[in-house]
Amino acid sequence: MPDWDLLLTDARVATLQDGAADYGVFEGAIGIRDGVIEWLGEHAEGSAGDTRSLDGRWVTPALIDCHTHIVFAGNRAAEFEQRLRGASYEEIARAGGGIMSTVRATREASEDELLRLALPRLMALMREGVATIEIKSGYGLDIDNEIKMLRVARRLGESTPIEVRTTLLAAHALPPEFKNDADRYIDHICAEILPRVLSEGLADAVDAYCEDIAFSGPQVARLFRESESLGIPVKLHADQLTDGGGAELAAHFSALSADHLEYTSTVGVAAMAEANTTAVLLPAAFLTLGETQLPPVDALREQNVPVAIASDCNPGTAPMCSLRSNMMLASRLFRLTPEECMAGVTRNAARALGLPDRGSIETGKRADLAIWDISHPRELAYWSGTPQLSELLTAGHTVNLRA
Ligand code: NIG
Ligand code: FE
């Protein structure tokens, strides 16, 4: 029996290992067995079922998009125009548009229709080197439609080689059935939606939108207590439009991540550091909303909070189905270095999803690898919209990028 199923030789490898300087670069070979990286070294060793020279091409961990809303129907281009004319995201939401307009379109769509709409979005991310993606519900806001969305997300994972992690975001907006009674809707999520979703194995985490136009801190805390008692990890849309103490709240519940964070205070950052909660920055939403308040990047660095970057792809605040573009925006808008951007879409994105088995090139990690036609990994946060992915491997198998 050969030592490796697949041996990649003559590779330039950016391991993105935690603590390694300069992208963790080395030149050499990668031995893969049973879908896992089993061996790394400068000179190829052992026998292999399949040996392939990469002729000096670069290999990085496959990318991970740890925050998306790619299952939805309709679009909000008319609201985009309204916002360009001066209306704010909050005003549109309070007038019954915003998230609710996508909820109406998504409720009307069948499961098959939602799958048909979401598949090209997933393929677009995959062609940029994404092998793991998180997809949230949150445009159903009732038991049947939240389940419908999550089933579509699971089917996306089953019908592609990409791993899909699903998140229940029933606490995204207040549905019309519970008008003026957010407390009663939170009760309904805790008593009905959450247990049913978990019993059907449809969610890997629970998320909520903590904001003036969505749910208050105490309401989110109630949902998170219930999630905690059921043993499901939490994450939070925190401090996107105002400092609502979202980062502190997420930290209090040892959330996997707190996301957005434009208005997070240094106290919030310290709480996240203490709780080991990953910060997920979403530059496309910052750009699309015309936001000027920058997330506290220096404080996150000083407190050693791991920073991930995600696309947040959604029809309202982030109509941009590209993780590579978000890397470029994170460097340009938030002044993250290209290396921080790479860590943000690999090992730190893996942390934001609670997936210690991936996100860097190390022995024992999944062989989810991206092979690139570039001259240095810093190019990955520099170009966007440029087809530089030469090959994507998930668990050691080449993905068909044309399918
Ligand atoms: O991540 N902030 C709330 N949720 C989404 C926006 C969803 C929408 O506007 O449809 C976000 O930005
Ligand atoms: Fe989001």
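Remember, it's 1-based here, ligands and their atoms both numbered in the order they're listed. We count residues from 1, following the sequence as given. As a basis for the values below, the full set of heavy atoms in this structure was taken, side chains included, without hydrogen atoms, waters or symmetry mates.
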Hey, are [X] and [Y] close enough for a salt bridge, meaning a charged N less than 4.0 Å from a carboxylate O?
X: Asp204; Y: Arg165; value: yes
X: Glu113; Y: Arg116; value: yes
X: Arg33; Y: Asp5; value: no
X: Arg154; Y: Glu111; value: no

**Study point:** Ile193 vs His188, side-chain contact (heavy atoms from CB on, under 4.5 Å): CA-CA, chis, key distance, verdict
**Key:** CA-CA 7 Å; Ile193 302 182; His188 176 66; 3.8 Å; yes
Output the list of atoms in ligand 1 that are nearer than 4.0 Å to some heavy atom of [X], sorted by atom number.
X: His260; value: 1 (O), 2 (N), 11 (C), 12 (O)
X: Asn314; value: 5 (C), 6 (C), 7 (C), 8 (C), 9 (O), 10 (O), 11 (C), 12 (O)
X: Arg76; value: 8 (C), 9 (O), 10 (O)
X: His67; value: 1 (O)

Point to revise | Nearest-0.5 Å distance, OH of residue Tyr23 to CH2 of residue Trp58 | key: 9.0 Å
Check your understanding: Should the pair Arg121 and Phe72 be classed as cation-pi, given the thresholds of under 6.0 Å to the six-membered ring centre and 45° from the axis?
Key -> yes
Shortest protein heavy-atom distance from [atom], along with the residue and atom involved:
atom: atom 12 (O) of ligand 1; answer: Thr317 OG1, 2.6 Å
atom: atom 7 (C) of ligand 1; answer: Tyr139 OH, 3.3 Å
atom: atom 4 (N) of ligand 1; answer: His172 NE2, 2.9 Å
atom: atom 2 (N) of ligand 1; answer: Gln240 OE1, 2.8 Å

Exercise for review: May I ask you to check if any N/O/S atom from His260 comes under 2.8 Å of the Fe ion (ligand 2)?
Suggested key: no
Exercise for review: Determine, considering heavy atoms only, which of Ile92, Asp259, Asp312 sits nearest to atom 1 (O) of ligand 1.
Suggested key: Asp312
Study note, to complete from the structure: Nearest heavy atom to atom 9 (O) of ligand 1, choosing from Tyr209, Tyr89, Phe72, Phe286, belongs to Tyr89
Review point. Can we call the ring centroids of Phe215 and His172 under 6.0 Å apart?
Key: no
Review point. Heavy-atom contacts under 4.0 Å between Glu211 and ligand 1: side chain, backbone, both, or neither?
Key: neither
Exercise for review: For Ile99 and ligand 1, answer yes if some heavy atom of the residue is under 4.0 Å from a ligand atom, otherwise no.
Suggested key: yes
Practice item. Please state whether the rings of His237 and His67 are parallel, tilted or perpendicular, taking 30° and 60° as the class boundaries. Key: perpendicular
Review point. In degrees, rounded to 10 degrees, what angle do His67 atom NE2 and Asp312 atom OD1 make at the Fe ion (ligand 2)?
Key: 80°
